[in-house]
Amino acid sequence: MPIKIENLTHIYMKGTPFEKMALDNVSIEINNGEFIALIGHTGSGKSTLIQHINGLLKPSSGNIIVDDVNITAKGVKLSDIRKKVGLVFQYPEYQLFEETIEKDIAFGPKNLGLNDEEVGKRVKRAMNIVGLDYETYKDKSPFELSGGQKRRVAIAGVVAMEPKVLILDEPTAGLDPKGRDDILGNIKELHNEYNMTIILVSHSMEDVAKLATRILVMDKGKCILNGAPSKIFKEINTLESVGLGVPQVTYLVQRLREKGFDISEDVFTVEQAKEEILRALKKN
Ligand code: ADP
């Protein structure tokens with residue numbers, strides 16, 4: 001069990017007039033190799049939650065256990081947590097700062113105290129995963145790149161630390177469709193080929209439907225739904241009541257079912273819908 005969150009409560013600015021309970025007694029377990037999507041309206045507590053998993057925030061109460069280590073305990077070093085849990089913030093490209101792409105990606109692994117040879121290997125591997133050719137890009141400035149490429153450099157910097165768990169906060173925000181597909185493809189590869197546990201914060205139900213093995217839905221600091229996409233996307237009313245929805249194609253399938261089409265209600269991606277509709281047409 002790599003991650004166990006027990007009764008986690010977080011109150012910002014406690015004891016002031018601005019006190020805000022951002023997380024309210026949240027308990028979640030995440031297994032090795034899962035692909036978790038964390039969804040919820042703005043302000044529901046997603047960012048606060050993920051920052052606890054890599055030790056950036058301390059709980060007001062509750063425990064976070066990563067690989068049998070209670071990371072909320074005194075004396076736990078942040079660097080030890082970061083080796084296991086990597087966090088890619090929203091718009092991470094704003095944090096690029098080195099003069100070359102190679103140096104920027106090497107920054108994290110160097111800080112882990114690895115030797116030059118190991119750092120070099122990791123930089124090459126990470127660039128390869130995010131689809132940036134090492135020889136072409138290593139000496140370029142990150143600031144010469146397009147938005148999508150910059151974001152991939154920033155992700156490579158976290159990937160090069162080779163964490164077991166990779167958390168990404170809205171990694172496709174603000175990118176064009178090609179940039180989005182590239183990044184989602186990279187994340188899928190990290191999950192499938194490198195067996196990384198992924199926690200993806202996303203607003204896109206389409207992306208979530210394609211990728212996640214489990215969905216956690218946050219609302220007002222609580223985790224209100226937790227289950228496989230097939231289970232969560234049946235909760236249309238609950239999702240809509242907290243300002244979310246289901247994939248567009250699921251609404252379409254629902255309409256077709258209402259009109260008497262014999263299609264499964266477990267359709268969440270366009271690909272599945274195509275197959276189901278063709279199957280239903282053949283039967284008639
Ligand atoms: P999300 O990531 O789902 O948008 P957040 O975790 O950022 O949600 O925020 C949860 C709640 O905590 C919101 O009401 C937000 O205004 C509040 N909040 C977040 N960060 C701070 C902070 N640094 N100080 C005070 N309140 C905060």
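Please read all numbers here as calculations on a predicted model, not as lab measurements.
Looking only at side-chain heavy atoms (C-beta outward), K234 and E265 come within less than 4.5 Å of each other. Taking 4.5 Å as the limit, some side-chain heavy atom of I167 sits within range of a side-chain heavy atom of V85. Taking the side chain as every heavy atom from C-beta outward, I3 and E29 never approach each other to under 4.5 Å. Under the 4.5 Å side-chain criterion, counting only non-hydrogen atoms from C-beta, V217 is not in contact with C223. Between K46 and L38 there is a side-chain heavy-atom pair separated by less than 4.5 Å. Residues Y251 and V246 form a side-chain contact, since some pair of their non-hydrogen atoms from C-beta on lies under 4.5 Å apart. At least one side-chain heavy atom of H52 sits under 4.5 Å from a side-chain heavy atom of P59. Considering only heavy atoms from C-beta on, P142 stays 4.5 Å or farther from E98 through its side chain.
Counting only distance, with no hydrogens or angles, the side chain of Q272 and the backbone of T269 share a donor-acceptor pair below 3.5 Å. Listed for the Q149 side chain is a donor-acceptor partner under 3.5 Å among the backbone atoms of S146. Using a distance-only test at 3.5 Å, with no hydrogens or angles considered, a donor-acceptor pair links the side chain of S27 to the main chain of N7. The main-chain N or O of G15 is found under 3.5 Å from a side-chain atom of E19 such that the two form a donor-acceptor pair. With hydrogens and angles disregarded, a donor-acceptor distance shorter than 3.5 Å links the side chain of T9 to the backbone of N25. One N or O on the side chain of N186 and one on the backbone of I129 form a donor-acceptor pair closer than 3.5 Å. A donor-acceptor distance shorter than 3.5 angstrom exists from the side chain of T250 to the backbone of V267, with no hydrogens or angles considered. Proximity of a side-chain donor or acceptor of E276 to a complementary backbone N or O of S264 within less than 3.5 Å is detected. Under a 3.5 Å cut-off, the side chain of E34 and the backbone N or O of I30 do not form any donor-acceptor pair.
Here the CG atom belonging to L8 is positioned 6.5 Å from the CG atom belonging to L49, to the nearest 0.5 angstrom. Interatomic distance, CE of M13 versus CZ of F18, reported as 7.0 Å (0.5 Å rounding). Expressed to the nearest 0.5 Å, how far CG of L190 lies from CE of M196 amounts to 5.0 Å. Distance CG/L96 to CG/L145: 8.5 Å, rounded to 0.5 Å. Expressed to the nearest 0.5 Å, how far NZ of K77 lies from CD1 of I71 amounts to 15.0 Å.
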- Run the numbers on L239 and L225 for side-chain contact (heavy atoms from CB on, under 4.5 Å), then give the verdict. CA-CA 9 Å; L239 290 169; L225 293 172; 4.1 Å; yes
- After noting the C-alpha distance and the side-chain angles of S79 and N111, does the key distance pass the side-chain hydrogen bond (donor to acceptor under 3.5 Å, both in side chains) rule? CA-CA 9 Å; S79 57; N111 269 353; over 6 Å; no
- Could you walk me through whether R180 and D176 pass salt bridge (charged side-chain N to carboxylate O under 4.0 Å, His left out), step by step? CA-CA 6 Å; R180 277 207 300 268; D176 59 22; over 6 Å; no
- Please test V153 against L132 for side-chain contact (heavy atoms from CB on, under 4.5 Å), starting from the C-alpha separation and ending with a verdict. CA-CA 8 Å; V153 172; L132 291 170; 3.5 Å; yes
- Take I36 and I198 through the side-chain contact (heavy atoms from CB on, under 4.5 Å) test and state the conclusion after the steps. CA-CA 6 Å; I36 303 279; I198 306 285; over 6 Å; no
- Task: Show your reasoning for whether side-chain contact (heavy atoms from CB on, under 4.5 Å) applies to H41 and V242.
- Result: CA-CA 7 Å; H41 202 267; V242 299; 5.9 Å; no
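Under the 4.0 Å criterion applied to side-chain N and carboxylate O atoms, R279 and E275 are not assigned as salt-bridge partners. Salt bridge absent: K210 and E206 never bring a charged side-chain N and a carboxylate O closer than 4.0 Å. Salt bridge K110/D116: absent, no basic N to carboxylate O contact under 4.0 Å. In this structure, K84 does not pair ionically with D80, as no charged nitrogen and carboxylate oxygen lie closer than 4.0 Å.
With 3.5 Å as the limit, one finds a donor-acceptor pair spanning the side chains of N70 and T72. Between the side chains of R214 and N226, at least one donor N or O sits under 3.5 Å from an acceptor N or O.
Open room surrounds NZ on K188; 12 or fewer heavy atoms of other groups in view lie less than 6.0 Å from it. Annotation for K220: atom NZ does not count as buried by contact number, only 12 or fewer foreign heavy atoms lying within 6.0 Å. Environment of NZ in K164: sparse, with no more than 12 heavy atoms of neighbouring residues, nucleotides or ligands closer than 6.0 Å. In E99, the CD atom is not crowded: 12 or fewer heavy atoms of neighbouring residues, nucleotides or ligands sit closer than 6.0 Å.
When all heavy atoms are compared, the tightest approach of F268 to A209 is O-CB, 3.4 Å. Listed here is the closest heavy atom pair of A154 and P92: CB-CB, 3.6 Å. When all heavy atoms of L211 and L184 are compared, the pair lying nearest together is CD1-CD2, 3.7 Å. V159 approaches P163 most closely through the heavy-atom pair O-CD, 3.9 Å.
The cluster map of Ile, Leu, Val, Met, Phe, Trp and Tyr, joined by side-chain heavy atoms under 4.5 Å apart, puts V26 and I39 in different clusters. One hydrophobic cluster, built from ILVMFWY side chains closer than 4.5 Å, holds both L87 and V201. I199 and F35 fall into different hydrophobic clusters, where Ile, Leu, Val, Met, Phe, Trp and Tyr residues are linked whenever their side-chain heavy atoms come under 4.5 Å apart, directly or through other members. When hydrophobic clusters are built by joining Ile, Leu, Val, Met, Phe, Trp and Tyr residues whose side-chain heavy atoms come closer than 4.5 Å, directly or via intermediates, L200 is not grouped with L244. Following chains of ILVMFWY side-chain contacts shorter than 4.5 Å, one cannot reach I11 starting from L23, and the two form parts of different hydrophobic clusters.
Under the ring pair (Phe, Tyr, Trp, His ring centres under 6.0 Å) criterion, Y137 pairs with no residue, sequence neighbours left out. Legend: residues meeting ring pair (Phe, Tyr, Trp, His ring centres under 6.0 Å) with Y12, ordered by chain and number and at least two apart, are H10. Residues forming a ring pair (Phe, Tyr, Trp, His ring centres under 6.0 Å) with F107 (at least two apart in sequence, or on another chain): F97.
When each of E162, E193, E189 is tested with R125 by the rule salt bridge (Lys or Arg N to Asp or Glu O under 4.0 Å), just one qualifies, namely E162. Partner T172 forms a side chain to side chain contact (heavy atoms under 4.5 Å, CB included) with one of D207, D181, I187 and no other, that one being D207.
Within the cation-pi definition used here (under 6.0 Å to the ring centroid, within 45° of the axis), R151 qualifies as a partner of Y91.
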